[in-house]
Amino acid sequence: MSSPLTGLSFWMFCSSTECKGEEKVTQPPEDVILTQGQTATLNCTFSTTDYNPALFWYKQEVNSYPKFILRRSRSSADNSPEFVKDRFDAELKDSSVPLMIQDLHVSDSAVYYLQQYYAVIVYKHMTNCTHEHI
(Lines give C-alpha, C1' and ligand atoms only; values in the text may rest on other atoms or scores of the structure.)
Protein backbone atom coordinates (compact mmCIF):
# COMPACT_ATOMS: atom_id res chain seq x y z
CA MET A 1 0.00 0.00 0.00
CA SER A 2 1.47 3.36 -0.95
CA SER A 3 1.61 6.14 1.59
CA PRO A 4 0.20 9.56 0.73
CA LEU A 5 2.60 12.37 0.01
CA THR A 6 1.64 14.93 2.62
CA GLY A 7 0.50 18.17 1.02
CA LEU A 8 1.37 17.11 -2.51
CA SER A 9 -0.89 18.73 -5.03
CA PHE A 10 -0.33 20.18 -8.46
CA TRP A 11 -1.14 23.83 -8.99
CA MET A 12 -0.98 24.95 -12.56
CA PHE A 13 -0.25 28.45 -13.75
CA CYS A 14 0.32 29.62 -17.30
CA SER A 15 1.45 32.82 -18.79
CA SER A 16 2.05 33.54 -22.40
CA THR A 17 3.74 36.12 -24.53
CA GLU A 18 1.69 36.22 -27.67
CA CYS A 19 2.82 37.24 -31.13
CA LYS A 20 -0.25 38.74 -32.80
CA GLY A 21 -2.41 36.18 -30.98
CA GLU A 22 -0.85 33.27 -32.90
CA GLU A 23 1.36 31.79 -30.16
CA LYS A 24 0.02 30.78 -26.76
CA VAL A 25 0.08 28.19 -23.98
CA THR A 26 -2.92 27.24 -21.84
CA GLN A 27 -3.46 25.04 -18.83
CA PRO A 28 -6.26 22.87 -17.48
CA PRO A 29 -8.12 24.42 -14.52
CA GLU A 30 -8.03 21.48 -12.10
CA ASP A 31 -5.54 20.54 -9.35
CA VAL A 32 -4.09 17.03 -9.05
CA ILE A 33 -3.34 15.23 -5.77
CA LEU A 34 -1.25 12.05 -5.95
CA THR A 35 0.51 9.54 -3.74
CA GLN A 36 4.02 8.16 -3.76
CA GLY A 37 4.59 5.59 -6.50
CA GLN A 38 1.85 6.91 -8.78
CA THR A 39 2.37 8.53 -12.19
CA ALA A 40 1.83 12.27 -12.61
CA THR A 41 0.84 13.75 -15.96
CA LEU A 42 1.28 17.52 -16.21
CA ASN A 43 -0.64 18.98 -19.12
CA CYS A 44 -0.36 22.21 -21.02
CA THR A 45 -1.53 22.89 -24.54
CA PHE A 46 0.06 25.26 -27.00
CA SER A 47 -0.69 26.81 -30.34
CA THR A 48 1.90 28.09 -32.74
CA THR A 49 2.42 28.86 -36.39
CA ASP A 50 5.93 27.38 -36.19
CA TYR A 51 6.18 23.98 -37.91
CA ASN A 52 8.81 22.69 -35.48
CA PRO A 53 8.44 24.39 -32.07
CA ALA A 54 10.85 23.40 -29.33
CA LEU A 55 9.26 22.74 -25.94
CA PHE A 56 11.27 22.53 -22.73
CA TRP A 57 10.23 21.22 -19.30
CA TYR A 58 11.97 22.53 -16.15
CA LYS A 59 11.76 21.66 -12.46
CA GLN A 60 12.30 24.31 -9.77
CA GLU A 61 12.64 23.26 -6.15
CA VAL A 62 12.22 25.66 -3.23
CA ASN A 63 15.08 28.17 -2.95
CA SER A 64 16.68 26.89 -6.15
CA TYR A 65 16.91 27.74 -9.83
CA PRO A 66 14.96 25.94 -12.59
CA LYS A 67 16.63 22.72 -13.74
CA PHE A 68 16.27 21.51 -17.32
CA ILE A 69 14.38 18.20 -17.51
CA LEU A 70 13.79 17.60 -21.20
CA ARG A 71 13.26 19.07 -24.65
CA ARG A 72 10.85 17.89 -27.30
CA SER A 73 10.36 18.94 -30.91
CA ARG A 74 9.34 17.15 -34.08
CA SER A 75 13.02 16.55 -34.88
CA SER A 76 14.51 15.78 -31.44
CA ALA A 77 13.89 14.39 -27.97
CA ASP A 78 16.51 15.00 -25.29
CA ASN A 79 16.53 14.44 -21.52
CA SER A 80 18.94 15.87 -18.98
CA PRO A 81 21.10 13.06 -17.48
CA GLU A 82 19.64 13.93 -14.06
CA PHE A 83 16.09 13.20 -15.29
CA VAL A 84 16.18 9.75 -16.87
CA LYS A 85 13.60 8.90 -19.50
CA ASP A 86 12.45 5.90 -17.44
CA ARG A 87 10.84 8.33 -14.96
CA PHE A 88 10.55 11.67 -16.81
CA ASP A 89 9.12 11.59 -20.31
CA ALA A 90 7.02 13.66 -22.66
CA GLU A 91 5.53 13.04 -26.08
CA LEU A 92 5.05 15.95 -28.44
CA LYS A 93 1.54 15.82 -29.82
CA ASP A 94 -0.22 18.19 -32.20
CA SER A 95 -0.90 20.83 -29.56
CA SER A 96 0.46 19.47 -26.27
CA VAL A 97 3.53 17.93 -24.69
CA PRO A 98 2.39 16.40 -21.37
CA LEU A 99 5.14 15.65 -18.87
CA MET A 100 4.84 12.20 -17.29
CA ILE A 101 6.66 11.52 -14.02
CA GLN A 102 6.50 7.83 -13.12
CA ASP A 103 6.99 6.30 -9.68
CA LEU A 104 6.53 9.60 -7.84
CA HIS A 105 8.93 10.40 -4.99
CA VAL A 106 8.54 13.03 -2.28
CA SER A 107 11.59 14.72 -3.86
CA ASP A 108 9.50 15.34 -7.01
CA SER A 109 7.69 18.13 -5.13
CA ALA A 110 8.56 21.29 -7.04
CA VAL A 111 7.31 23.85 -9.51
CA TYR A 112 7.33 22.55 -13.09
CA TYR A 113 7.53 24.88 -16.09
CA LEU A 114 6.86 24.26 -19.75
CA GLN A 115 8.62 26.72 -22.00
CA GLN A 116 7.76 27.04 -25.65
CA TYR A 117 10.51 28.42 -27.83
CA TYR A 118 9.92 29.45 -31.38
CA ALA A 119 11.55 31.77 -33.84
CA VAL A 120 9.76 34.04 -36.26
CA ILE A 121 12.27 35.58 -38.66
CA VAL A 122 14.83 37.03 -36.22
CA TYR A 123 12.55 37.38 -33.20
CA LYS A 124 12.72 34.96 -30.28
CA HIS A 125 9.62 34.32 -28.17
CA MET A 126 9.17 32.29 -25.03
CA THR A 127 5.89 31.08 -23.60
CA ASN A 128 5.69 29.50 -20.17
CA CYS A 129 3.34 27.11 -18.46
CA THR A 130 3.86 26.48 -14.77
CA HIS A 131 2.84 23.46 -12.72
CA GLU A 132 3.31 23.90 -8.99
CA HIS A 133 2.76 21.25 -6.41
CA ILE A 134 3.11 22.02 -2.73
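Owing to the predicted nature of the structure, the values given are computational and were not obtained by experimental measurement. Reckoned from all heavy atoms, side chains included, excluding hydrogens, waters and symmetry mates. For reference, positions follow the sequence shown, starting with 1.
- Val97 and Trp57 make their closest contact through O-NE1, 2.9 Å (heavy atoms, listed as atom of the first residue, atom of the second, distance).
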In sequence, state the C-alpha distance, the side-chain angles, and the governing distance for Leu42 and Leu114, and then conclude on side chain to side chain contact (heavy atoms under 4.5 Å, CB included).
-> CA-CA 9 Å; Leu42 306 181; Leu114 174 67; over 6 Å; no
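- A salt bridge links Asp89 to Arg72: one of the charged nitrogens lies within less than 4.0 Å of a carboxylate oxygen.
- Looking at Lys67 and Glu61, their side chains come closer than 4.5 Å, going by heavy atoms from C-beta outward.
- Proximity of a side-chain donor or acceptor of Arg87 to a complementary backbone N or O of Ile101 within less than 3.5 Å is not detected.
- Between Asp86 and Asp103, the closest side-chain pair of non-hydrogen atoms is not below 4.5 Å.
- Nearest heavy atoms, Ser107 versus Lys59: O-NZ, 2.9 Å.
- A distance of 14.5 Å separates CD1 in Ile69 from NZ in Lys85, rounded to the nearest 0.5 Å.
- The backbone N or O of Arg74 lies less than 3.5 Å from a partner atom in the side chain of Asn52, making a donor-acceptor pair.
- Rounding to the nearest 0.5 angstrom, the gap separating the OG atom in Ser47 from the CD atom in Gln116 is 7.0 Å.
- Atoms CZ and OG, from Phe56 and Ser80 in turn, are 12.5 Å apart once rounded to the nearest 0.5 Å.
- Side chains of Asn79 and Phe88 form a contact here, defined as non-hydrogen atoms less than 4.5 Å apart.
- Rounded to the nearest 0.5 angstrom, Asn43 CG and Lys93 NZ are separated by 8.0 Å.
- Considering all non-hydrogen atoms of both residues, Ala54 and Ser73 come closest at CA-CB, 4.2 Å.
- The minimum heavy-atom distance between His105 and Asp108, with the atom names listed, is N-OD2, 2.7 Å.
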May I have the step-by-step check of side chain to side chain contact (heavy atoms under 4.5 Å, CB included) for Ser96 and Thr45, ending in yes or no?
-> CA-CA 4 Å; Ser96 67; Thr45 59; 4.1 Å; yes
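- Here the CG atom belonging to Leu92 is positioned 5.0 Å from the CZ atom belonging to Phe46, to the nearest 0.5 angstrom.
- Here Asp78 contributes atom CG and Arg71 contributes atom CZ; the two are 4.0 Å apart, rounded to the nearest 0.5 Å.
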